[in-house]
Amino acid sequence: MDQISLALLSVFFLLVSIVWYSWIFKNWTKKLPPGPRGVPILGYLPFLSHNLHIQLTDLARKYGPIYKLWLGTKLCVVISSPSLIKEVVRDHDAVFANHDPTVAGLVATGGVDIVNSPYGPHWRNLRKVFVREMLSNKNLDDSGPLRRYEVRRAVRNLYGKIGTNVDVGELIFITEVNVVLCLIWGGALEGENRDKIGARFREKVAKFVELLGKPNLSDFFPILAKFDFQGIEKEMKGVLPSVDEILNSVISDRMKIMEDSGGEFSSANRRKDFVQILLDLMKQNDIVIGGTDTTATIVEWVMAELLQSPHAMQKAQQELTQVVGLNNIVEESHITKLHYLDAVIRETFRLHPPLPLLIPKMPSKSCTIGGYTVPEGSRVLLNVWTNYKDPQVWENPTEFKPERFLNDDDNGKWDYIGNNFHYLPFGSGRRVCPGIPLAERMVTYLVATLLHSFDWKVPEGVKLDMEEKFGIVMKKSTPLLAVPYQRLPSLDMYE
Ligand code: HEM
């Protein structure tokens, strides 16, 4: 850092102190939640650990289910009991309907994508078209053959790798990218592009997601944002062109095909504003990135848990033999009959929720939660990870036990749509994940196919590492390597 930057930083800290203390004074009369003190100006920032979900859980034990952290000038409120989460996403849903985008997120998307758009007409239009047009039951049913094609392609890809180490996350990522690309644009990565671009794309997406979640001084001292002291904005700007370049090549191919064929976009019954919204949606990388990274991550965790619990792996495979048969291959129509596998997936979502703090929310006005004031503009983290480890609700919470989701009396109790505040892997309320119907189908279909077609083993001499690495999307700390062995009498059915 040069002299000028240092001088600027000193002036800045002086100004911030004034603003900070006057803010504290203004809010003195409000009953803010309890929380650790931290140090002047920086607040709790210097104490944040890299495994934030665990640290926030420890703090909840000390300060209770709602507490505050000062991170620079930003007040962060962490909420972790189901009853208080309900107050946020059900009782005050409209007030908490804004996400709180990071500077990196705004740089990446311009703030006009579904995830980062403020709650209002633009967001409502995008979301409505996305849900009604792209993720409708009809569109999902119509795109079934596309998913089948992609999943079978992944299995064929595995033929050549029998007996060797496979990076499970990478395999699933490329498959899922193509599924989402097909669903949104009707186009996918083809030919040599598939493996070459697919791997490069994954690397860029990993960086993109990492930057989104990285603690950034610009977020905690907005006045500092233009200096970009940590260079996160610069790094994001460096990653974006590669991500866009890959996506744009698919988009422009599809646009050309649609223009040449005078297809559905020019049909008279489509209103111009609707077409514009649809085109806006199609250009959004947040959907492709959000949808693929989360799905690949949970499939990797499911496979890791099953490799660690051979008994559960065997039970899931027995169910597949019964429902699908060894001379047949898995179809999406089998999914609703795979009850044990469904429990395995729900249990994995509980142990390793891909978004352990959901997406940070920002109240549009001050609001009372659990008797405490949550001021307008603060950052609200809903720590669902903590809830899933609560021994009052989950017996032996750290144990992988799919059976806990197999109680007949629980019909619908553990759904994904956010009605049960003890279990919210996809969030809840107005901003609940709109991708649930696709995610649910894809995760089950992918895992079912992998388990039905192959037996899986941990590579010789490798110790299975189950450590989590905190981020907006919480991944395995080391990628899962596993070795496939042929399970079906013949793999010709996949040709
Ligand atoms: C395992 C898979 C997935 C998980 C765990 C997941 C989880 C989530 C969560 C927790 C949220 C935030 C909810 C909230 O703020 O309360 C979210 C939002 C979102 N998800 Fe997903 N998601 C998954 C797959 C997908 C897929 C496949 C798509 C699209 C193809 C998708 C698109 C989105 C979008 C667009 C939003 C933002 C919604 C808004 O702000 O209105 N997700 N997701």
Side-chain angles (χ1 to χ4, degrees), residues 79 85-86 88-90 93 96-101 105 109 111-120 122-131 133-136 139-140 143 147 169 172-173 175-185 209 212 280-282 284-302 345-346 348-362 379-385 388 416-419 421 423-447 472-475:
I79 297 177
I85 289 180
K86 173 182 167 288
V88 171
V89 294
R90 176 71 53 86
D93 190 15
F96 288 91
N98 282 313
H99 283 149
D100 186 12
T109 64
V112 294
D113 59 323
I114 303 187
V115 180
N116 290 308
S117 282
Y119 177 60
H122 174 72
W123 167 81
R124 210 172 288 120
N125 276 336
L126 282 177
R127 183 157 170 136
K128 201 163 69 189
V129 175
F130 183 53
V131 170
E133 298 294 319
M134 292 176 181
L135 292 175
S136 65
N139 201 21
L140 283 176
S143 54
R147 290 190 291 280
I172 300 303
F173 182 84
T175 307
E176 185 62 16
V177 166
N178 274 342
V179 165
V180 178
L181 288 181
C182 285
L183 193 76
I184 301 179
W185 298 314
V209 174
L212 281 184
D280 284 352
L281 258 182
M282 291 161 83
Q284 295 207 10
N285 52 26
D286 66 318
I287 294 177
V288 184
I289 292 173
T292 49
D293 205 34
T294 46
T295 308
T297 300
I298 196 70
V299 171
E300 196 176 3
W301 277 119
V302 172
I345 293 168
R346 275 170 218 271
T348 310
F349 269 122
R350 182 187 72 82
L351 280 174
H352 311 286
L355 278 81
L357 307 177
L358 304 183
I359 297 178
K361 296 183 186 291
M362 181 171 62
R379 168 169 296 193
V380 176
L381 302 178
L382 302 182
N383 184 359
V384 293
W385 191 88
Y388 304 158
Y416 289 133
I417 53 179
N419 286 325
F421 302 100
Y423 188 69
L424 300 172
F426 292 88
S428 180
R430 282 163 216 234
R431 301 302 279 247
V432 66
C433 175
I436 300 172
L438 175 65
E440 208 175 345
R441 284 186 201 215
M442 264 318 273
V443 173
T444 321
Y445 185 33
L446 277 164
V447 178
I472 286 208
V473 176
M474 189 166 68
K475 306 195 182 185

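Counting starts at 1 for both ligands and their atoms, in listed order. Numbers here simply count residues along the sequence, with the first being 1.
- Between Lys361 and ligand 1, a contact under 3.5 Å exists for at least one N or O pair.
- Checked by distance only, ligand 1 and His99 come closer than 3.5 Å through their nitrogen or oxygen atoms.
- In the candidate list Pro360, Ala296, Cys433, Cys433 is nearest to atom 43 (N) of ligand 1, counting heavy atoms.
- Across Tyr388 and Pro425, no two heavy atoms sit closer than the pair OH-N, 3.3 Å.
- What you find for Arg431 and Pro118 is that their closest heavy atoms are NH1-C, 4.2 Å.
- Proximity to Gly291 (heavy-atom distance under 4.0 Å) selects the following atoms of ligand 1: 25 (C), 26 (C), 27 (C), 28 (C).
- Contact between Gly418 and Ser428 at its shortest, heavy atoms only, is O-OG, 2.8 Å.
- Ligand 1 lies out of reach of Val443, whose nearest heavy atom is not under 4.0 Å from it.
- The closest side-chain donor-acceptor pair between Tyr119 and Arg430 falls under 3.5 angstrom.
- When non-hydrogen atoms are compared, ligand 1 lies under 4.0 Å from neither the backbone nor the side chain of Met442.
- Taking the six-membered ring where the residue is Trp, Phe426 and Tyr416 present perpendicular rings, their angle passing 60° and hence far from 30°.
- Here Ser117 has no heavy atoms under 4.0 Å from ligand 1, in either its backbone or its side chain.
- In this structure, CG in Leu140 is found 4.5 Å from CZ in Arg441, a value given to the nearest 0.5 Å.
- Annotation for ligand 1: atoms under 4.0 Å from non-hydrogen atoms of Arg127 are 38 (C), 39 (C), 41 (O).
- Under a 4.0 Å criterion applied to the non-hydrogen atoms of Ser428, ligand 1 contributes the atoms 16 (O).
- Looking at Thr295 next to ligand 1, no N or O pair under 3.5 Å apart turns up.
- In summary, the atoms of ligand 1 found under 4.0 Å from a heavy atom of Phe130, numbered by their order in the structure, are 29 (C), 30 (C).
- Taking every heavy atom of both residues into account, Tyr423 and Arg346 meet most closely at OH-O, 2.7 Å.
- Heavy-atom proximity to Phe349, at under 4.0 Å, picks out these atoms of ligand 1: 1 (C), 5 (C).
- Heavy-atom contacts of Leu358 reach the following atoms of ligand 1: 10 (C) (cutoff under 4.0 Å).
- Here the shortest heavy-atom distance to atom 7 (C) of ligand 1, taken over Pro425, Gly427, Ala97, belongs to Pro425.
- Put simply, the side chain of Arg90 never gets that close to the backbone of Ile85: no donor and acceptor are under 3.5 Å apart.
- Of the possible polar contacts, none joining the Tyr445 side chain to the Arg147 backbone as a donor-acceptor pair under 3.5 Å is found.
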